[in-house]
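Inspection log for the structure reproduced underneath, given as structure tokens.
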Amino acid sequence: MKTLSHVEARQAYDRVGEKLDALPYYEDRATDELAQCGDFAAARSVFEFGCGTGRFAARLLRDHLPETARYRAVDQSTTMVRVARAALAPFGERVEIAQSDGEPPSDQPSESFERFVSTFVFDLLSEEDIALVLEQAHRMLRPSGLLCLAGLSTGSTPLSRLSARVWASVHRLRPTLVLGCRPIELIPLLPVCDWHITHHVQLTPLGLPAEVVVAERR
Ligand SMILES: C[S@@+](CC[C@H](N)C(=O)[O-])C[C@H]1O[C@@H](n2cnc3c(N)ncnc32)[C@H](O)[C@@H]1O
């Protein structure tokens with residue numbers, strides 16, 4: 001399935017900007033689950049790929065991470081980086097957010113993070129880009145570090161499978177209408193030699209299919 005180019009995705013998220021947080025937040029069920037099962041209370045360092053408005057990071061920093069934990073993120077949208085920096089400013093020097101060019105984060109140091117988070121971003125990326133981002137996540141995580149993912153999935157109930165099919169058809173016709181996101185399955189994308197799945201949940205918030213995966217770096 002054709003995905004948006006990095007430039008098209010940046011333009012789409014630059015346009016939507018702050019309004020992303022005003023959309024009906026079907027993502028919350030999945031990110032709530034991820035916040036619970038990602039063992040964030042034990043994490044001293046978190047990297048997020050595609051932080052958007054910083055909504056999930058704010059929740060992690062406020063409610064789940066130790067007060068000394070540091071958080072670093074990239075996003076390729078100028079607007080999202082501006083909005084996330086403003087939202088996370090109260091957390092001061094613990095937070096660092098950089099604008100990327102859409103490429104996988106190969107400039108980050110190896111074995112330097114305990115969590116690699118990405119929510120509702122892989123569903124925008126091509127399978128080639130997902131594989132490259134996962135390679136970097138594996139390199140950047142410390143041994144036993146956790147990969148924490150949530151995203152739009154292909155569904156696990158008749159209703160959610162139907163919603164996923166409708167969503168995929170809209171994406172095929174006009175991907176920008178759904179901000180480049182299409183339903184994908186995360187588990188088959190994680191190489192067994194690199195990742196040990198510790199948590200996998202399918203949810204159907206607002207009738208839409210979502211998936212949460214936590215995997216330990218082997
Ligand atoms: C659907 S939003 C999700 C935002 C946030 N993670 C959340 O769960 O609310 C997708 C985000 O990924 C960012 N993004 C898309 N492709 C990217 C890429 N190749 N590199 C970095 N960020 C990307 C977009 O700019 C946008 O902020």
Side-chain angles (χ1 to χ4, degrees), residues 2-35 38 40 46-61 64 71-88 95-108 115-137 140 147-153 167 170-171 175-184 186 189 203 205-206 208-213:
K2 192 180 173 310
T3 51
L4 296 185
S5 69
H6 293 162
V7 171
E8 288 169 330
R10 177 167 50 74
Q11 288 168 344
Y13 285 90
D14 277 350
R15 266 196 305 274
V16 73
E18 291 89 338
K19 292 196 262 327
L20 195 65
D21 272 352
L23 295 174
Y25 240 87
Y26 96 93
E27 295 181 6
D28 280 355
R29 273 277 307 286
T31 50
D32 284 351
E33 177 74 24
L34 189 60
F40 288 100
V46 176
F47 182 87
E48 183 168 11
F49 183 75
C51 60
T53 60
R55 184 182 167 95
F56 186 49
R59 196 144 38 111
L60 290 182
L61 286 154
H64 297 279
Y71 167 89
R72 189 181 288 182
V74 294
D75 198 290
Q76 66 160 358
S77 152
T78 314
T79 310
M80 290 305 173
V81 168
R82 177 174 47 75
V83 173
R85 280 184 181 149
L88 302 180
V95 170
E96 199 182 321
I97 302 170
Q99 183 169 5
S100 69
D101 56 5
E103 295 300 320
S106 54
D107 55 343
Q108 302 293 328
R115 301 290 177 274
F116 186 105
V117 171
S118 196
T119 63
F120 296 91
V121 181
F122 279 26
D123 33 55
L124 267 145
L125 305 180
S126 65
E127 288 206 5
E128 294 73 31
D129 272 349
I130 293 173
L132 293 172
V133 172
L134 286 172
E135 263 176 39
Q136 294 305 322
M140 288 161 59
L147 175 70
C148 299
L149 303 176
L152 178 64
S153 83
W167 190 303
V170 176
H171 180 274
T176 47
L177 216 55
V178 282
L179 292 172
C181 303
R182 86 294 193 197
I184 59 167
L186 291 169
L189 301 171
L203 303 162
L206 303 177
L208 292 168
E211 184 176 32
V212 174
V213 175

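Counting convention: from 1, in listed order, for ligands and their atoms alike.
At a heavy-atom distance under 4.0 Å, no atom of Ala150 approaches ligand 1.
Geometrically, ligand 1 and Thr119 share a nitrogen or oxygen pair separated by less than 3.5 Å. Where the criterion is an N or O separation shorter than 3.5 Å, residue side chain and backbone included, Gly102 meets it with respect to ligand 1. An N or O contact shorter than 3.5 Å links Gly50 to ligand 1 by distance.
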For residues 130-137, tabulate all N or O donor-acceptor pairs below 3.5 Å that involve a side-chain atom, not counting sequence neighbours.
unit_1, atom_1, unit_2, atom_2, d
Gln136, OE1, Arg139, NE, 2.7
Gln136, OE1, Arg139, NH2, 2.8

Distance-only check: which donor-acceptor pairs under 3.5 Å involve side-chain atoms of residues 47-61, not counting sequence neighbours?
unit_1, atom_1, unit_2, atom_2, d
Glu48, OE1, Tyr71, OH, 2.6
Thr53, OG1, Asp21, OD1, 3.0
Thr53, OG1, Asp21, OD2, 3.0
Arg55, NE, Asp28, OD1, 3.4
Arg55, NH2, Asp28, OD1, 3.3
Arg55, NH2, Asp28, OD2, 2.7
Arg59, NH1, Asp32, OD1, 2.4
Arg59, NH2, Thr31, OG1, 2.8

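A donor and an acceptor atom, one from each side chain of Gln99 and Thr78, are located under 3.5 Å apart.
The nearest non-hydrogen atom to atom 25 (O) of ligand 1, considering only Leu34, Leu179, Asp75, Asp129, comes from Asp75. For the residues Phe49, Phe56, Phe120, the heavy atom positioned nearest atom 10 (C) of ligand 1 is part of Phe120.
Short contacts between ligand 1 and Leu124, defined as distances under 4.0 Å to a heavy atom of the residue, involve ligand atoms 10 (C), 15 (C). Atoms of ligand 1 found under 4.0 Å from any heavy atom of Glu27, numbered from 1 in the order shown, are 7 (C), 8 (O), 9 (O).
Here the side chain of Thr79 pairs a donor or acceptor atom with the backbone of Asp14 at under 3.5 angstrom.
Closest to atom 12 (O) of ligand 1, if we only count protein heavy atoms, is Val121 CG2, 3.6 Å. What sits closest to atom 2 (S) of ligand 1 on the protein, heavy atoms only, is Tyr13 CE2, 3.5 Å. At the shortest separation from atom 23 (C) of ligand 1 among protein heavy atoms lies Gln76 CG, 3.7 Å.
In Glu127, the CD atom is not crowded: 12 or fewer heavy atoms of neighbouring residues, nucleotides or ligands sit closer than 6.0 Å.
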